[in-house]
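As structure tokens, the structure follows; a few thoughts come after it.
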Amino acid sequence: MRKDVRILLVGEPKVGKTSLIMSLVSEEFPDEVPLRAEEITIPADVTPERVPTHIVDYSGTTQGHREANVICIVYSVNNKKSIEKVGLCPWSKHLTASLMFLNAALVPLILVGNKSDLVEHSSMETILPIMNQYSEIETCVECSAKNLKNISELFYYAQKAVLHPTGPLYCPEEKE
Ligand code: GTP
Ligand code: MG
């Protein structure tokens with residue numbers, strides 16, 4: 001059994017990384033957020049999988065990132081550019097490559113389409129080809145930090161991706 005899970009949020013500026021973390025913690029949308037959230041730890045007994053879970057806001061440097069067990073790539077569903085950037089995958093290519101090197105295991109990725117309150121249409125059509133391109137992508141979820149839609153689900157998926165990895169992420173050496 002893992003003793004904890006470390007979730008890292010990355011993505012283009014202003015897609016709502018910090019807001020997502022604050023919304024999860026306070027169960028309400030903060031009108032103003034700092035540039036970055038402090039690292040938070042959710043105690044085991046309030047997480048669905050009963051494992052202490054750390055959530056780290058991307059800081060532009062790699063400090064504290066190397067221990068990430070799962071990376072949430074956040075984009076904004078109303079911002080095409082932020083979606084295209086996921087496709088170019090600066091995060092999954094470079095960040096995952098360095099994490100892979102350090103952890104000797106693939107790190108699962110989760111695509112997070114934030115600000116679903118601002119659009120009527122789903123971004124899934126745009127995101128699907130990207131998902132098919134990268135086997136590291138475990139799942140995708142659309143959510144809204146503003147109306148708290150799918151926020152707890154997002155962090156649950158991240159936790160689950162670490163604790164119950166599927167397919168190519170399975171790494172026999174890691175097991176016990
Ligand atoms: P950087 O730290 O600068 O990279 O930005 P960030 O990704 O942390 O985004 P941040 O949480 O600072 O949010 C950016 C802006 O988007 C703020 O004005 C938020 O209020 C707004 N915002 C965040 N989430 C949502 C959402 O779900 N819906 C709407 N409508 N606005 C949101
Ligand atoms: Mg921020």
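Indexing begins at 1, ligand by ligand and atom by atom, following the structure's order.
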### Within reach of ligand 1, part of Y58 (heavy-atom separation under 4.0 Å)
neither
### Message
At less than 4.0 angstrom from any non-hydrogen atom of L118, what atoms of ligand 1 do you find?
### Response
30 (N)
### Task
Using a strict 4.0 Å cut-off to heavy atoms of S19, name the atoms of ligand 1 that fall inside it.
10 (P), 11 (O), 13 (O), 19 (C), 23 (C), 24 (N)
### Atoms in ligand 1 with a heavy atom of K146 nearer than 4.0 Å
26 (C), 27 (O), 28 (N), 29 (C), 30 (N)
### Salt bridge flag under 4.0 Å for residues K17 and E12
no
### Task
Looking only at distances, please establish whether an N/O atom of ligand 1 is found under 3.5 Å from an N/O atom of S116.
no
### Per-atom contacts, ligand 1 versus V15 - under 4.0 Å to a heavy atom
7 (O), 9 (O)
### Task
Specify the protein heavy atom at minimum distance from atom 9 (O) of ligand 1: its residue, its atom name, and the distance to 0.1 Å.
G16 N, 3.0 Å
### Query
Looking at D117, which atoms of ligand 1 are within less than 4.0 Å of one of its heavy atoms?
26 (C), 27 (O), 28 (N), 29 (C), 30 (N)
### Task
Compare K17, K115, K149 and give the one whose heavy atom is closest to atom 25 (C) of ligand 1.
K115
### Query
What protein heavy atom is closest to atom 2 (O) of ligand 1, reported as residue, atom name and distance in Å?
L35 O, 3.0 Å
### Task
Starting from atom 27 (O) of ligand 1, find the nearest protein heavy-atom neighbour and note its residue, name and distance.
A145 N, 2.9 Å
### Task
Report yes or no: does S23 contribute a side-chain atom to a donor-acceptor pair with the main-chain N or O of L20 at less than 3.5 Å?
no
### Presence of N, O or S from Y58 under 2.8 Å of the Mg ion (ligand 2)
no
### Task
Give a yes or no on whether the backbone of S76 and the side-chain of N114 come within a donor-acceptor separation of less than 3.5 Å.
no
### Task
Please say whether V33 places an N or O atom under 3.5 Å from an N or O atom belonging to ligand 1.
no
### Message
If the cut-off is 2.8 Å, does any N/O/S atom of L35 fall short of it from the Mg ion (ligand 2)?
### Response
yes
### Message
Need the ligand 1 atom indices (1-based, order shown) with element for anything under 4.0 Å from a heavy-atom of P13.
### Response
4 (O)
## Note on the structure
The closest protein heavy-atom partner of atom 5 (O) of ligand 1 is K14 N, 2.9 Å
### Query
What protein heavy atom is closest to atom 24 (N) of ligand 1, reported as residue, atom name and distance in Å?
N114 ND2, 3.2 Å
### Query
Does the protein put a heavy atom under 4.0 Å from atom 18 (O) of ligand 1?
no
